[in-house]
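What follows is a short report on a single structure.
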Amino acid sequence: MNIYNDFNAFIKTVIEELQSIDKLPPDSLIDNISVDPPRQTTHGDLACNAAMVLAKKLKQDPISIAKVLSERIISHPDVEKVDIAGPGFLNITLKRTVWHDQLRKVLIAGESFGDSEIGRGKSINVEYVSANPTGPLHVGHARGAVFGDVLSSLLAKTGYSVTREYYINDAGAQIDILARSLYWRYCEKLGQENYEKPDGFYPGEYLVDLAAKLVIKDQKHWLDKSESEWLPKLSSYAVDEMMKLIRQDLSDLGVEQSTFISEKSIVESGMVETVLNMLSENGLIYTGVLDPPKGMKPENWEERPQTLFRSTAFGDDIDRPLKKSDDSWTYFASDLAYHLDKYKRGFTNLVNVWGADHGGYIKRVQAGVSALTEGNVKLDVKLCQLVRLLENGEAAKMSKRAGTYVTISELVDSVGRDVVRFIMLTRKNDAQLDFDIIKAQEQSRDNPVFYVQYAHARSCSVVRMAKDAFNDQSFDYKSLQKSDLSLLSGFDELALIKLIALWPRVVEMASEAQEPHRIAFYLNDLASSFHSLWSKVREDESFRFVVTDDLELTQARLSLVCGLRTVISSGLKVLGVEPVEELRG
RNA sequence: GCGCCCGUAGCUCAGCUGGAUAGAGCGUCGGCCUUCUAAGCCGAAUGUCGCAGGUUCGAAUCCUGCCGGGCGCGCCA
């Protein structure tokens, strides 16, 4: 809960009260009523649209409704005054003590200030990264990894029980190619040139390394064996080793997932057959022929009958094949099995984080999931647009096939984990992101993470100065909680407190919208507001935080500084970024 | 051809799920270091919110149709 929600609830009870004594007609719809911080500070602390919403429903003048409401609202102990403005806004100004109390709450609660209960009792499964285990991760994966990780933290902070999951696509044709590529490198290492380079060969250096490892492990054992002998062994060996690489990359990024689900084991468990049977029983499976997509040149297009899922019955554009022409399952079929598996593990809230190139896949999976779970599952798919990696303005290629992509470990090595994580959240997930390695190293205002870190470091610095000046321990959180916060009465000080007090609302809204970037933007605003207050001292000495002849005032101001520090630190924690106490040695 | 995403200041982007006079950063111009850290701050200039309709007290936000850009479209995952 936060102030805005509290007042929203309060105003709704006011309306119900007024209805019960016939001051307002019953059955007025109150769902769309909102209480928000107004854009303009001159409009008070809270803006409520209740009168206008009711006016629409009741076909009455909003101003007169507002008058009736305001008479009741003014009696709330926290309210200083209520203005009726514009087309019928209720602009509520709160007493200063409300804001002082908010700040005290921060000092008492520490980093748990901002925690919320909106997800209490709900579990949610967030699946992210899920890159094919055919090589190390590149920067495109990093975005999804950070996004999924921070979204998970955000959901956890708002009370959800979160499962962070990775789906290992270890069962498809690409894994065979991986094994053949490894085998080719293995032959190469042993000086045998007669094994032909496989189609779709993975050229990356990492397979050279892995082949060398394999030679040490098994020596020439596989050289004169047939593919049917080595393929299964090398496949699982390669997948295991690739997952080690990937987990290392994720760990470098500070991303820890708790659950890894193997596609292969899902398929081997017979879950795909279960899916087919379930859909069949509901008459959703038939054998049919798909039309070629219009507007595309149908090269190599052959009409062929396929086993199709009637996904159009659930809003998809065309029905989707579950079997390939060689009678093996399509990826879609095993993916449905995987989602059924999630359901059987008890999840009804699912979030999938995908690259934007998988956008065309959403409808069919949602169709499949609602068919298999009778609509009991809510599946949200969050698409992350690709990252354009720039280096002095030039775009670096990220093609896994070409083997020239920039890996996560290279990126983390050059700019640092915290910078990577923060910058990945400086854009909404569905907007393209330019990541300039040079700027990210610059450590300037161009680099938002430093701006926020700087505010945090300054807040730490001022506490150190205060301790020096007073030569005692009056500035720990316990002492500050008891300080006289009413001494914080300046316009800028109150503005900063109000921004700090906004934190719980930012957390809740970001969680509900599943938009972790809002945290990064908020932290930027908060840092800006603090830097601004910090610099006020240049025009006016009275803005000094540390007032050497006034312990009480210093404690009050340090309370504000520590409140800010707590919220920044708490926000950075959600982002998985380490707050620093000093930027200069 | 169909589906999804995007179009907001010169550039890169926010815009709190329909609110009041649309905001930041960069860039441009002009100020602030005998300093609680100038990796910072302050001020100025800059807009047909792609276009045209519609919904209503009220639209950058919702609906429809165009224009422009990106992604995807059976036997890849």
Side-chain angles (χ1 to χ4, degrees), chain A residues 4 32 34 36-40 43 47 49 52 55-56 61-62 85-89 91 130-132 134 169 171-175 200 263 289-296 298 301-304 306 308 316-318 320-321 323-328 330-332 334-335 355-363 383 385-386 426-428 430-432 434 442-448 450-451 453-455 457-458 461-466 468-469 502 505-506 509-510 512-513 517-518 521-522 524-525 528 531-539 543-548 557 561 582-584:
Chain A
Y4 307 92
N32 294 328
S34 65
D36 302 301
R39 195 164 14 218
Q40 293 238 309
H43 290 150
N49 63 356
M52 291 176 293
K56 175 181 264 179
D61 172 31
F89 283 104
N91 289 337
S130 298
N132 294 336
T134 55
N169 299 128
Q174 301 213 30
I175 298 304
E263 179 187 4
V289 177
L290 289 176
D291 292 331
K294 283 169 188 164
M296 287 181 69
W301 182 271
E302 293 172 35
E303 289 199 344
R304 65 169 63 85
Q306 288 175 299
L308 298 174
D316 200 2
D317 309 310
I318 57 169
R320 304 292 177 174
K323 282 191 170 186
K324 303 179 195 170
S325 53
D326 68 358
D327 218 37
S328 64
T330 57
Y331 177 77
F332 176 53
S334 60
D335 208 16
D357 53 340
H358 290 62
Y361 202 73
I362 297 175
K363 278 188 183 175
L383 294 182
Q385 275 288 350
L386 298 182
T426 53
R427 293 285 177 274
K428 211 163 37 180
D430 53 14
Q432 271 199 13
D434 288 345
E442 255 174 26
Q443 308 201 346
S444 67
R445 188 71 180 81
D446 283 344
N447 196 344
F450 281 94
Y451 187 71
Q453 291 281 29
Y454 189 32
R458 273 181 157 175
S461 160
V462 79
V463 174
R464 284 194 301 268
M465 298 300 291
D468 275 0
L502 198 60
R505 176 182 156 96
V506 170
M509 298 193 81
E512 279 176 339
H517 75 277
R518 293 189 193 191
F521 279 89
Y522 168 76
N524 198 68
D525 288 350
S528 174
H531 286 309
S532 176
L533 179 60
W534 179 282
S535 302
K536 279 272 192 286
V537 74
R538 294 193 178 281
E539 321 163 359
F543 279 99
R544 198 163 288 275
F545 290 118
V546 180
V547 186
T548 45
R557 290 188 172 169
V561 170
E582 241 175 324
L583 286 173
R584 285 177 186 164

Identified pairing partner of B/C66, criterion: Watson-Crick or G-U wobble below 3.5 Å: B/G50
Measuring to OP1 and OP2 of B/U37, would you say a side-chain N or O of A/Ser461 lies under 4.0 angstrom away? yes
Closest of B/A39, B/G70, B/C16 to the A/Gln432 side chain is B/G70
Winner on side-chain proximity to A/Leu583, out of B/A77, B/A39, B/C36, is B/A39
Take atom CG of A/Leu290 and atom P of B/G1, then tell me their distance rounded to the nearest Å. 21 Å
Between B/G40 and A/Tyr454, is there a base-stacking contact, meaning the centre of the base's six-membered ring lies under 5.5 Å from the residue's ring centre while the planes stay under 30° apart? no
Taking B/C75, B/C36, B/C41 as options, the one with an atom nearest any side-chain atom of A/Gln306 is B/C75
Have a look at A/Ser325 and say if it touches a base, only the backbone sugar-phosphate, or nothing, with a 4.0 Å heavy-atom cut-off. base
On a whole-Å scale, what distance lies between the C1' atoms belonging to B/G58 and B/G18? 8 Å
Would you say a side-chain N or O of A/Lys324 is under 4.0 Å from OP1 or OP2 of B/A77? yes
For the pair made of CG in A/Asn32 and P in B/U61, what is the distance, rounded to whole Å? 18 Å
Note: for A/His531 and A/Val537 on RNA chain B, the residue whose nearest nucleotide lies more 5' is A/Val537
Indicate, with a heavy-atom threshold strictly under 4.0 Å, whether A/Ala55 touches base, sugar-phosphate, or nothing. nothing
Candidate pair A/Glu582 and A/Arg464, rule side chain to side chain contact (heavy atoms under 4.5 Å, CB included), full reasoning: CA-CA 11 Å; A/Glu582 241 175 324; A/Arg464 284 194 301 268; 3.4 Å; yes
Mate of B/C41 across any strand shown (Watson-Crick or G-U wobble, both atom pairs under 3.5 Å) is B/G31
For A/Leu308 and B/C75, what is the distance between atoms CG and P respectively, to the nearest whole Å? 12 Å
By nearest atom, which of the nucleotides B/G74, B/C75, B/G19 is closest to the A/Met52 side chain? B/G19
Is there a Watson-Crick or G-U wobble partner for B/A59 with both distances under 3.5 Å, and which nucleotide is it? none
Checking contacts here: which listed nucleotide (B/G1, B/C16, B/G40) is nearest the side-chain heavy atoms of A/Pro293? B/G1
About how many Å separate CG of A/Leu290 and CD of A/Glu303, when rounded to the nearest 0.5 Å? 10.0 Å
So what does A/Phe521 touch, heavy atoms closer than 4.0 Å: a base, only the sugar-phosphate, or nothing? sugar-phosphate
Interatomic distance where NE2 belongs to A/His358 and C1' belongs to B/G70 [whole Å]: 16 Å
Does A/Arg304 contact B/C75 through a side-chain donor or acceptor facing the base, at a distance under 3.5 Å? yes
Nearest to the side chain of A/Glu263, which nucleotide is it out of B/G19, B/A14, B/A77? B/A77
Side chain to side chain contact (heavy atoms under 4.5 Å, CB included) for A/Val506 and A/Phe521? Distances and angles first, verdict last. CA-CA 10 Å; A/Val506 170; A/Phe521 279 89; over 6 Å; no
What's the closest nucleotide to the side chain of A/Asp357 if the choices are B/C36, B/G72, B/A77? B/G72
Is there a Watson-Crick or G-U wobble partner for B/C73 with both distances under 3.5 Å, and if so, which one is it? B/G1
Contact under 4.0 Å: A/Arg538 side-chain N or O vs B/C41 OP1/OP2: no
NZ of A/Lys363 versus C1' of B/C5: gap in Å, rounded? 13 Å
Separation of the C1' atoms in B/A59 and B/G54, to the nearest angstrom: 11 Å
With the side chain defined as heavy atoms from C-beta on, A/Phe450 is closest, among B/A39, B/C16, B/C36, to B/A39
Note: for A/Tyr451 and A/Ala457 on RNA chain B, the residue whose nearest nucleotide lies more 5' is A/Ala457
C1'-based separation of B/G25 from B/U8 [nearest Å]: 15 Å
Answer yes or no on whether A/Arg505 is positioned over the face of A/Tyr4, meaning its NZ or CZ is under 6.0 Å from the six-membered ring centre and within 45° of the axis. yes
Taking the side chain as C-beta and beyond, is there a heavy-atom pair between A/Lys56 and A/Asn32 under 4.5 Å? no
Check every strand shown and say whether A/Pro321 touches a base, only sugar-phosphate, or nothing at a heavy-atom separation below 4.0 Å. sugar-phosphate
Taking any heavy-atom pair under 4.0 Å as a contact, classify A/Ala171: base, sugar-phosphate, or nothing. nothing
When the C1' atoms of B/C49 and B/A22 are compared, how many Å lie between them, rounded to an integer? 8 Å
Classify A/Asp61 by what it touches in the nucleic acid, base, sugar-phosphate, or nothing, heavy-atom distance under 4.0 Å. nothing
note: A/Tyr361, atom OH; B/C2, atom P; distance rounded to Å ~ 24 Å
C1' gap between B/G27 and B/G70, integer Å: 26 Å
Determine: side-chain N/O of A/Lys428 to OP1/OP2 of B/G15, distance under 4.0 Å, yes or no. yes
Is there a Watson-Crick or G-U wobble partner for B/G25 with both distances under 3.5 Å, and if so, which one is it? B/C11
Distance check needed: B/A39 P versus A/Asn447 CG, whole Å only. 14 Å
If the P atom of B/U12 is compared with that of B/C66, how far apart are they to the nearest Å? 27 Å
Taking the P atom in each of B/U48 and B/U64, what is the distance between them to the nearest angstrom? 26 Å
If I take atom CG in residue A/Asn524 and atom C1' in nucleotide B/G23, what distance separates them, rounded to the nearest angstrom? 13 Å
How long is the straight-line distance from CG of A/Asp335 back to OG1 of A/Thr330, given to the nearest 0.5 Å? 9.0 Å
Under 4.0 Å between any heavy atoms, over every strand shown, what does A/His43 touch: base, sugar-phosphate, or nothing? Just pick one. base
Quick one: label A/Arg464 by what it contacts on the DNA or RNA (base, sugar-phosphate, nothing), any heavy atom closer than 4.0 Å. nothing
Separation of A/Thr548 OG1 from A/Met465 CE (nearest 0.5 Å): 11.0 Å
Pull up the glycosidic torsion of B/U48 and say syn or anti, syn being anything within 90° of 0. anti
Pick the P atom in B/A39 and in B/C73, then give their distance to the nearest Å. 50 Å
Nearest-neighbour nucleotide for the A/Ser532 side chain, B/A14, B/C41, B/G72 considered: B/C41
Under 4.0 Å between any heavy atoms, over every strand shown, what does A/Ala510 touch: base, sugar-phosphate, or nothing? Just pick one. nothing
To the nearest 0.5 Å, how far apart are OG1 in A/Thr134 and CD in A/Gln174? 6.0 Å
Would you say that A/Leu502 contacts A/Asp525 through its side chain, given a criterion of any heavy-atom pair below 4.5 Å between the two side chains? no
Measure the shortest side-chain to side-chain distance between A/Trp534 and A/Arg458 over non-hydrogen atoms and say whether it is less than 4.5 angstrom. yes
